[in-house]
Amino acid sequence: MPTVRIPTPLRKLTDGNAELTVDGSDLRTVVKNLDAAHPGFAERVLDDSGELRRFVNVFVRDEDVRFQQGLDTELSDTDVVSIVPAVAGGAE
Amino acid sequence: MSTTTLSRPTGGATVTHLRCRECGETEPLAASHVCGFCFGPLEGVYDEDLVASRVSREGIQAGPASLWRYADLLPTLTDDPSVRVDLGTGWSPLRPAPRLAARLGLQDLWLKDDTRNPSGSFKDRVVSVAISAARALGIDTMACASTGNLAGAVSAHAAAVGMPAYVFVPASLEQAKILGAAVYGANVVAVDGTYDDVNRLCAELADREGWGFVNVNLRAFYAEGSKSIGFEIAEQLGWRLPDHVVAPIASGAMFVKIRKAFGELLQYGLVDGQLPTLNGAQATGCSPVATAYEAGTVDVTPQIPDTIARSLAIGNPADGYYALKVADETGGAIGHVSDDEVVRGMQLLAETEGIFAETAGGVTVANLARFVEEGRFGSGDRVVAVISGNGYKTLDAVADHLGPAFQVSPSLDDFQQQLADRTA
């Protein structure tokens, strides 16, 4: 199963776990399964239209999924999924 | 409740807590940059009553000749002088640029010359604020993700206060920038990847090591340092705002904070008048924000950078979204120019005004020229261009374009003959 690295702000949902193995052959399924095991997870990384939130970056095989197939990016059992908050400073 | 419980000691913190810019959730002051709820950026919330009670033109003018003259408008956690890092950063010259103005078809052009900072770029400003906050928070090791200039700034300021530093840079970086960080005794970590790869690595590391990454977990403090550029522009113009500002965009943070600075000067009655238009400058080889601007959207599509303007080579700019909103709000534009134009911009700036800027300065000047051609500025309008870094950092960029004008033997006849041939 793919390994998912959980950033600090989401660890409250994962009982403090920094890494989880999650079943799923693409990113969308992994998020769905994470949400099933840890309710509220999907809401934190996906916006109202079901796309990745503006301030969430997800890397698969060390590449931003926005350069791959987004939530449809395929995963193998040995892949590592990193969820990394974007680093924004904001304005006002 | 007695009144004393609400009062703060003179010289206390200017910020009281952190707040998410997107959803408004609050968190205590800490080395933390991400909202625990929605992942939005955290920002310091100022005690506006305290700031208003302290800040004045006279107080600022009596302050030090550095960015700390604006301490009341920056996110300081204590006034303890042993915490503040001041290498004389900021309060850089704002120079009239009549010869460049004439070449471009302007009459009232000014250059904010941030080539003059201790490590040669505006990054000394943000680092001064970030390391001062880190020390107040009890952090003992500094770090950053950098395209080069930030690495030098963190290394220099950390060295000056005896803190260890780890600076993460793309391995392909210009040698001058790697050496310019290593010389201060910092641990330079050359990462086999782009800046965006470096940034991601640091975002994951900041979660684990407890270090103060100035532009990651200290970003709420760090980014505010760029406001000092805007404060200085207004003060140096005699407490007036210009009509237009042109500044480079990498992450977009500096651009956004200049806008914020002007807003605060208006809010606290230090200036009056209209906000300038804020105009952003990118290189075509890394133009995610300019591309979004052209498309009329605030959604930035990441790019893989390929430009000589490496200090601006951020393909996934953290504040691109906010920079687009600032350009839109102020009626400004965000443009991009080719690498050839960048080099010509560097040469034009040096030849007309005697300022040798790094590639980012070439990007700014070349975009300024474009904006004038496009008729965005009236010929009599007051325009300020931000020149953010020193040319000695990016000699490679001009190496193929410049060289000795004459090659002579140490002989009077030889030189005079060549001179005569040349001028004939």
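Residue numbers start from 1 in every chain, and the chains themselves are labelled A, B, ... in the order their sequence lines are given, proteins ahead of strands.
Below 30°, between 30° and 60°, or above 60°: for A:F55 and B:Y322 the angle between ring planes is below 30°, a parallel geometry.
Heavy atoms of B:E22 lying under 4.5 Å from chain A belong exclusively to its side chain. Proximity to chain B is limited to the side chain of A:R66, based on heavy atoms less than 4.5 angstrom apart. Neither the backbone nor the side chain of B:F255 comes within less than 4.5 Å of any heavy atom of chain A. Contact annotation for B:E27: neither backbone nor side-chain heavy atoms come within less than 4.5 Å of a heavy atom of chain A. For chain A, the nearby parts of B:D299 are the backbone and the side chain; heavy atoms of each come within less than 4.5 Å.
Taken to the nearest 0.5 Å, the CD1 atom of A:I83 stands 7.0 Å off from the CZ atom of B:F39. Taken from CD in A:E63 to CG in B:D196, the straight-line distance is 11.0 Å, to the nearest 0.5 Å.
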Walk me through it: do A:D64 and B:R200 pass the test salt bridge (charged side-chain N to carboxylate O under 4.0 Å, His left out)? CA-CA 10 Å; A:D64 191 329; B:R200 196 257 303 179; over 6 Å; no

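Taking every heavy atom of both residues into account, A:P9 and B:C35 meet most closely at CB-O, 4.1 Å.
Residues A:D62 and B:D197 are not in side-chain contact: their nearest non-hydrogen atoms beyond the backbone lie 4.5 Å or more apart.
For A:N17, the CG atom is densely surrounded, since the number of other residues' heavy atoms within 6.0 Å is greater than 12.
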